[in-house]
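Note that the coordinates shown come from a computational prediction; the quantities given were computed from them, not determined experimentally.
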Amino acid sequence: MHTQLIYKYIAKKFWGPFCFALGVFAALVMLGDTFEKMKNLSNGVATIWDVLTYSLLTFPNWLTTIMPVACLLGSISVISEMVSNGEWTACIAGGFSPRQLFKPVIACILTVVGLTMLMQEFIVPPLLAKADTVFYTRLKPIPNYNQALEPNVIIKVAPTQMLFAKAVDLGNGTMTKVSLDTYNDAWDIAEQIVAEQMVWNKEANRWMFTNGLLRTFTGPTNTSEERFELKDAPISIRPNQMSISQVEEKLMSIRDLTKRINFHKQTGISFYSAETTRQSKFATPFVTVIMCLLGMPFAISSRRKSKILNIIASMVIAFAFWSFISMCTAVGVNGYVNPFVAGWGPVLFFAVVVFFEFKWMRL
């Protein structure tokens, strides 16, 4: 019972500095993003309400980015305050080990991480989609903008086949102004199909060209042409299995990344980038916890610390941590190392650092 009261007390102390940090950083990001978008008010279409709507829709994404730093500041602050008030010494004298006192803080951090991952999976993607609509219809208007359409799509459908489409609507299973180029072993074009549309036929379970032209290249200057109204396409990948969105991979959910990886595997496209991003997202809970464990012993090392010093320490640790992660991610995205190594390497590296840090400080 005594232990549970101590744990609840420490956990309760965590939320104050966490919410303070989250509020301050969120306000700064919100104001910065809002003022940056106000430059679009001169386009004659956008209004203040459009700018505020866009900022509100993108705010949850910024929030998920800020939360790890807020966790770090909250964890350092709660330990630092307990040390400066003598509560830490009293708990240690009462038979608690430092690792036991860290447990309620880690439990709070895991709660935040769980909520963050849920937001990234189910809340952030649809809100970012709405934000894009506001941006491209009001803030930076594009004529005839339709979010359902992906313009100027290039798909590798086979080792020697490339598909070009002016616009793709996977929701309705249609591609317009398409060209399917087939190459020989020397990568000279051997055959080309140009069609008004390529439509998904649910009954035949495949794509079909409509109103097109088949060109066969029989020599350097010789070609034969054949017009058709309907023709089977050599593509059987379902529309719901395709991933052609131009959304940045770091903004995609794990489900969407998995879909993209599977699609790239089917078509023979490199999936290093998507896999690295997916593994980085899987590693996020461990990254946040380890980052906080890296900073928490700092709060014990000195008897008195100011809030400003805690903030500075949090920013330095977070910057060093995320810089290393960004470097590993960039290497993985470009295929220089295995995506699993790029995604989990920083976690393992800093886990070793934390292990020796705890051993050195005898925690």
Side-chain angles (χ1 to χ4, degrees), residues 29-65 119-157 162-181 194-200 207 209-212 233 235 237-253 255-257 259-260 263-264 267 269 273-274 277 333:
V29 169
M30 185 75 170
L31 289 173
D33 191 47
T34 300
F35 283 122
E36 196 274 333
K37 292 299 182 294
M38 280 187 176
K39 65 183 181 182
N40 296 295
L41 291 174
S42 60
N43 64 16
V45 177
T47 64
I48 291 290
W49 177 250
D50 294 325
V51 173
L52 292 176
T53 300
Y54 178 84
S55 295
L56 288 171
L57 290 171
T58 56
F59 179 67
N61 180 57
W62 288 113
L63 207 59
T64 59
T65 305
M119 287 178 63
Q120 289 177 330
E121 278 297 300
F122 302 104
I123 297 177
V124 170
L127 289 182
L128 288 179
K130 292 181 180 180
D132 281 346
T133 300
V134 173
F135 186 80
Y136 291 115
T137 59
R138 304 293 299 175
L139 301 182
K140 196 174 182 180
I142 294 178
N144 303 317
Y145 174 74
N146 185 346
Q147 194 176 62
L149 297 179
E150 286 290 341
N152 304 317
V153 174
I154 302 175
I155 304 174
K156 182 180 179 182
V157 296
M162 298 293 292
L163 178 70
F164 305 87
K166 186 68 176 177
V168 177
D169 183 354
L170 293 179
N172 292 322
T174 59
M175 301 186 188
T176 57
K177 304 293 182 182
V178 297
S179 172
L180 178 67
D181 296 345
V194 181
E196 285 294 319
Q197 276 195 327
M198 192 168 78
V199 182
W200 175 254
W207 291 89
F209 293 110
T210 61
N211 299 322
I235 306 170
I237 303 175
R238 294 174 175 272
N240 59 8
Q241 295 177 329
M242 290 185 169
S243 178
I244 58 171
S245 173
Q246 298 179 23
V247 175
E248 290 184 72
E249 289 175 346
K250 65 180 181 179
L251 300 178
M252 297 172 68
S253 67
R255 294 167 299 154
D256 291 334
L257 285 169
K259 181 179 178 181
R260 172 165 292 187
F263 175 61
H264 284 185
T267 56
I269 302 175
S273 178
T277 305
V333 163

Search all heavy atoms of [X] against all heavy atoms of [Y] and return the closest pair with its distance.
X	Y	answer
Gly173	Pro239	CA-CG, 4.3 Å
Leu139	Val51	CD2-CG2, 3.9 Å
Ser55	Asp33	OG-OD2, 3.9 Å
Ala274	Leu257	O-CD2, 4.1 Å
Leu127	Pro60	CD1-CG, 3.5 Å
Lys37	Phe135	CE-CE1, 4.0 Å

- prompt: Is the backbone N or O of Asn40 less than 3.5 Å from a side-chain atom of Asn43, with the two atoms forming a donor-acceptor pair by type?
  reply: yes
query: Where the side chain of Gln246 meets the backbone of Pro151, is there a donor-acceptor pair that is under 3.5 Å apart?
result: yes
Regarding [X] and [Y], do their side chains bring together a donor and an acceptor under 3.5 Å, going by distance alone?
X	Y	value
Thr47	Asp50	yes
Thr176	Gln197	no
Ser179	Asp181	yes
Ser273	Glu249	yes
Asp169	Asn172	yes

[atom1] of [X] to [atom2] of [Y]: how many Å apart, nearest 0.5 Å?
X	Y	atom1	atom2	answer
Ser243	Ile155	OG	CD1	10.0 Å
Thr64	Trp62	OG1	CH2	9.5 Å
Arg138	Leu41	CZ	CG	11.0 Å
Ile48	Thr53	CD1	OG1	11.0 Å
Thr267	Met162	OG1	CE	9.5 Å
Glu248	Leu128	CD	CG	10.0 Å

Do [X] and [Y] touch side chain to side chain, with heavy atoms closer than 4.5 Å?
X	Y	value
Gln147	Asp132	yes
Ile235	Met198	yes
Phe209	Val194	no

- prompt: Going through the distances and angles, do Leu170 and Asn240 end up as a side chain to side chain contact (heavy atoms under 4.5 Å, CB included)?
  reply: CA-CA 7 Å; Leu170 293 179; Asn240 59 8; over 6 Å; no
message: Can you classify the ring geometry of Trp200 versus Trp207 as parallel (below 30°), tilted (30 to 60°) or perpendicular (above 60°)?
response: perpendicular
query: Are more than 12 heavy atoms from other residues, nucleotides or ligands located less than 6.0 Å from atom NZ of Lys156?
result: yes
field: Heavy-atom neighbours of Tyr136 OH exceed 12 at 6.0 Å
entry: no
- request: Using a strict 4.0 Å threshold on nitrogen-to-oxygen distance, state whether Asp256 and Arg260 make a salt bridge.
  value: no
- request: May I have the step-by-step check of side chain to side chain contact (heavy atoms under 4.5 Å, CB included) for Phe164 and Val178, ending in yes or no?
  value: CA-CA 5 Å; Phe164 305 87; Val178 297; over 6 Å; no
message: The test is side chain to side chain contact (heavy atoms under 4.5 Å, CB included); show your working for Met119 and Leu63 and say whether it passes.
response: CA-CA 9 Å; Met119 287 178 63; Leu63 207 59; 4.2 Å; yes
message: Just to verify, what does Lys259 make a side-chain hydrogen bond (donor to acceptor under 3.5 Å, both in side chains) with, not counting sequence neighbours?
response: none
- prompt: Are Leu163 and Ile154 close enough, and set up right, to give a side chain to side chain contact (heavy atoms under 4.5 Å, CB included), and what steps lead you there?
  reply: CA-CA 6 Å; Leu163 178 70; Ile154 302 175; over 6 Å; no
